[in-house]
Structures are given as C-alpha cells and as structure tokens.
Amino acid sequence: MNSEHIVLPRSFYARHAVEVARDLLGMRLVRIEAGRRVAGIITEAEAYEGEEDLACHARFGRTPRNGIMYGAPGFAYVYFTYGMHWMLNAVAEPEGVPAAVLIRAIQPTEGVDLIAARRGMRPPDQWTDGPAKLTFALNIARAQNGADLCDPSGELFIERGEPFPDAQVIQTARIGLFHTPEPWKSIPWRFVIVQEKKASRKEAETQRNLK
DNA sequence: AGCACGATTAACT
DNA sequence: GTTAATCGTGCTC
C-alpha cells in the first residue's frame, strides 16, 4: 500500500451527506477481488439525508433494511431494488443520524479486464455509468452490505483521489424519484461531473428538463 | 397475508 | 418514448 493509496478517514463521512456527496467526486472506489484491485473514479453521487427527507429510505424510521444508515459513518449500505439491482451507498453523518450517499457512476481505472468480463457486451462508456451498472461491474451485492469503507485491508473501500474543482461539477435534482413530494423531489442533492460521458444515462434527460 | 412500488436497466416500437 | 423484468421491503388490513 503506497502513498498514493490512502483511504478516506471516517471523519470524511461524519458530515452532512450533501457535503460528502460533493466531495466524493474524484475519489477512488476500490473493490478487492481475489487479491486484485478493481477500481474507478467516482463521477456522480447523490445525498439522502434524514427521516424528513421523503426520498430517503429512512423516511419510515429505522427498519431492518436501513439500520446501517443509522450507524457509524464510512460503512457501505448496499440494498436490492427493482427485483434485480444492487445499489451502493456510503453512510454519512455521525452515528444516530440516518444519511447516505448513493454512488451513481464511476470511471474505470483498474482491473478493467474484470469489468469487461462482466460488462464487455456493451461499449466501455456504458460499463459503469449507472448505480446498478457499477455494482454489477465491481461484483458488489449483499455480501458487501456493512463493509467498512475506511478499511484498506477490506474488500471494498474508498481512497483519496484528485478532487474535481467546482467549475467541473453541476448540481441537479436526484434521479428516479417519482412519488416523492416536494421539496425533496427537486432539491439539488445530486452532484455530477460536467461533460462527463461516464455519468449515468438519465443525466442528459435531467439537464434537458431543467432548461 | 396481501399488495403496491421501488435511489434501474435494457430492449423494443 | 414505452415497457417488461423481477422480488424484497414495508405499509395496510
């Protein structure tokens, strides 16, 4: 583990989810598979914060599924949805406050052959440009729920990367909230890299809709 | 116990 | 632009 591979400390996550989401852009998501690194730079993320946020899974209070969000920051909250997809989140805020950041897209940088083995049937720019695409590409599922993202000896963690300047980051409403009432439906808690082809597909639709 | 729906994706018209 | 796929979760009765 050389100096270029420094995991983000737990204090990084012990802040408001919105700040964590913004600052995760440019950081490196690392998955260890059979001793090999499969990794990518985070290019899109969304914040889900508190029981009052009606888009957050904590809106019904603490349940068996979302309990991890109420725990210590810096852990992975991985959940199953739409009957077939896994989503990866990083728990934010100090223990007791339910909040998490959904990782929506990454730009592959390491272990590309392993990603290609799972996603190679499509063009490379569509390998990890969506929340369920990247978990499939990095083989992240139920077994990774609760993983300590601050543990560099674990199987899933996030390292410090090169932060993106504000000029390269745009903020929009979160994606996929159909029945969520305002103001939560439109609150700009999604952060994505500008002109980034590695961002999730629906970004283009969102940007069009905002004009 | 039953039911509506989901922080999505890929395929199809 | 539209829709099927597919099942765990949590609400309602």
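Rounded to a whole angstrom, the distance from the C1' atom of dT3(C) to that of dC5(B) is 16 Å. Rounded to whole Å, the separation between the C1' atoms of dG1(C) and dA7(B) comes to 22 Å.
The side chain of His85(A) contributes no N or O atom lying less than 4.0 Å from OP1 or OP2 of dG6(B). Arg142(A) has no side-chain polar atom (N or O) that falls below the 4.0 Å cut-off from OP1 or OP2 of dG8(C). When the side-chain nitrogen and oxygen atoms of Arg119(A) are compared with OP1 and OP2 of dA10(B), one or more of them lie within a distance under 4.0 Å. Side-chain nitrogen and oxygen atoms of Arg122(A) include at least one within less than 4.0 Å of the OP1 or OP2 phosphate oxygen of dA11(B).
Among the protein residues, Ala132(A) comes within range of the sugar-phosphate backbone only, with heavy atoms under 4.0 Å from sugar or phosphate atoms but none that close to a base. At a threshold of 4.0 angstrom between heavy atoms, the contacts of Arg65(A) are confined to the sugar-phosphate backbone, with no base atom among them. Residue Met87(A) is in sugar-phosphate contact alone, with no base atom involved, counting any heavy-atom pair closer than 4.0 Å across all strands shown. Counting non-hydrogen atoms under 4.0 angstrom, Phe60(A) reaches the backbone sugars and phosphates but no base. Among the atoms of the strands shown, base atoms are found under 4.0 Å from some heavy atom of Tyr82(A).
Each of Val101(A), Val91(A), Leu8(A) was evaluated against Tyr13(A); a single residue qualifies, Leu8(A), per the side chain to side chain contact (heavy atoms under 4.5 Å, CB included) test.
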